[in-house]
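Order of the sequence lines sets the chain letters (A, B, ...), proteins ahead of strands, with each chain counted from 1.
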Amino acid sequence: MGAEQDLTARLGQMVLFSGLPAEALLRIAESSVLHKYNAGDTVFSEEDEINSLLVVLEGDAAVFKRSLDGREQVFFHLHAGEIISAAALLLDDNACHSASGRACQATQIVSIPPSIFRDLSSQSSPFNWTLLRYLAGNSEQLSDLAGRLSLQSVRSRLAAFLIKQADQPGQTAGITQKEIAAEIGTVREIVARLLRDFAQAGWLERQRQRLVLKNRAALEEEAQRW
Amino acid sequence: MTNTHVLPVIELSLCIRCGACAAACPEHALAMDIESDTPFFAKPEACTYCTECEAVCPQNAIQCPLTITWGTQE
């Protein structure tokens with residue numbers, strides 16, 4: 001199978017593109033560029049001009065902002081089938097990324113030219129409906145994050161994060177305390193202190209590189225505290 | 001094979017040879033190599049994975065990744 005046919009097939013399996021006819025998928029594949037990233041690679045940087053719709057084929061990329069003192073806040077993760085820059089491309093011809101993107105593991109991303117994306121948006125109702133649902137979900141996710149960051153304690157956010165991580169089947173890559181801090185909107189020192197508190201309370205146990213959660217009820221009660 | 005001897009990961013290309021990690025290691029598992037002036041695990045078996053080296057590294061050159069799993073409640 002050629003590279004374009006392979007990309008056509010992979011795009012066709014994604015919810016966003018699944019309703020498109022074969023010739024439309026082929027046109028997207030022919031005009032797109034496939035990018036491969038290793039863990040830690042920058043996918044795009046804040047202030048970079050947006051010159052394509054980015055579609056994740058496989059892997060995991062974190063979208064985040066970094067303060068002047070180096071603190072980071074992760075907004076969300078992009079996984080296979082998810083996209084970024086759609087809203088900006090619909091709003092503005094000269095839009096720039098408002099956050100940065102970094103691969104968290106080996107990640108493949110295809111960049112689709114704005115002209116192709118806008119053609120799809122103006123011609124395909126099924127595509128638009130799926131895109132609308134995707135953007136609405138994105139908006140909900142960011143609203144939830146804003147609420148948690150402004151109204152929930154760091155302790156509760158950490159409990160929620162630990163449960164979410166442990167519930168993910170097949171989790172293989174580890175996460176550092178600094179990365180946990182960037183996910184929940186705090187600094188490494190606070191994460192370290194809270195992990196010690198949770199261990200002293202018997203909610204988890206440190207086994208070298210493993211954090212073993214032991215009390216789901218207590219962690220869930222903490223995670224649900226607002 | 002157990003995970004007993006999993007050690008912090010040191011990315012020497014980021015290291016500025018400041019020695020903060022070796023100085024902070026409470027178990028003296030980490031030391032600075034005299035010849036290459038780079039940190040290394042002189043006593044790997046003494047490392048408790050306390051993550052102090054990761055915390056003090058000004059270059060984020062040391063990483064102590066954690067995996068998060070469920071265990072059984074005692």
Engineer: On a heavy-atom basis, which atom in B/I62 and which in B/C57 lie closest, and how many Å separate them?
Structural biologist: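 Nearest pair, atom of B/I62 first, then B/C57: N-SG, 4.0 Å.
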Engineer: Please determine whether a side-chain nitrogen of the Lys or Arg among A/R66 and A/E46 lies less than 4.0 Å from a carboxylate oxygen of the Asp or Glu.
Structural biologist: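 No.
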Engineer: Does the distance from a Lys or Arg side-chain N to an Asp or Glu carboxylate O, for A/R102 and A/E179, drop under 4.0 Å?
Structural biologist: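 Salt bridge between A/R102 and A/E179, a charged N being under 4.0 Å from a carboxylate O: no.
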Engineer: Does this structure show an ion pair linking A/E222 with A/R155, if we count only N-O contacts that are shorter than 4.0 Å?
Structural biologist: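 Yes.
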Engineer: Within the distance-only criterion (no hydrogens, no angle test), does the side chain of A/Q177 pair as donor or acceptor with the backbone N or O of A/E189 below 3.5 angstrom?
Structural biologist: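 No: the side chain of A/Q177 does not pair with the backbone of A/E189.
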Engineer: Of the backbone (N, CA, C, O) and the side chain (C-beta and beyond), which part of A/L204 lies under 4.5 Å from a heavy atom of chain B, both, or neither?
Structural biologist: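 Answer is neither: A/L204 stays 4.5 Å or more from chain B.
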Engineer: Using distance alone, with no hydrogens and no angle criterion, decide if B/T69 and A/R210 have a side-chain donor and acceptor under 3.5 Å apart.
Structural biologist: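 Yes.
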Engineer: Can you say whether B/T48 sits under 4.5 Å from chain A via the side chain, the backbone, both, or neither, judging by heavy atoms?
Structural biologist: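 Just the backbone, heavy atoms under 4.5 Å.
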Engineer: Which atom pair, heavy atoms only, marks the closest approach of A/Q108 to A/R10?
Structural biologist: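 Minimum heavy-atom separation between A/Q108 and A/R10: OE1-NH1, 3.1 Å.
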Engineer: Which residues in residues 17-26 of chain B have a heavy atom less than 4.5 Å from any heavy atom of chain A?
Structural biologist: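 No residue falls under the 4.5 Å cut-off.
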Engineer: Using non-hydrogen atoms only, which part of A/Q207 is less than 4.5 Å away from chain B: side chain, backbone, both, or neither?
Structural biologist: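 Neither part.
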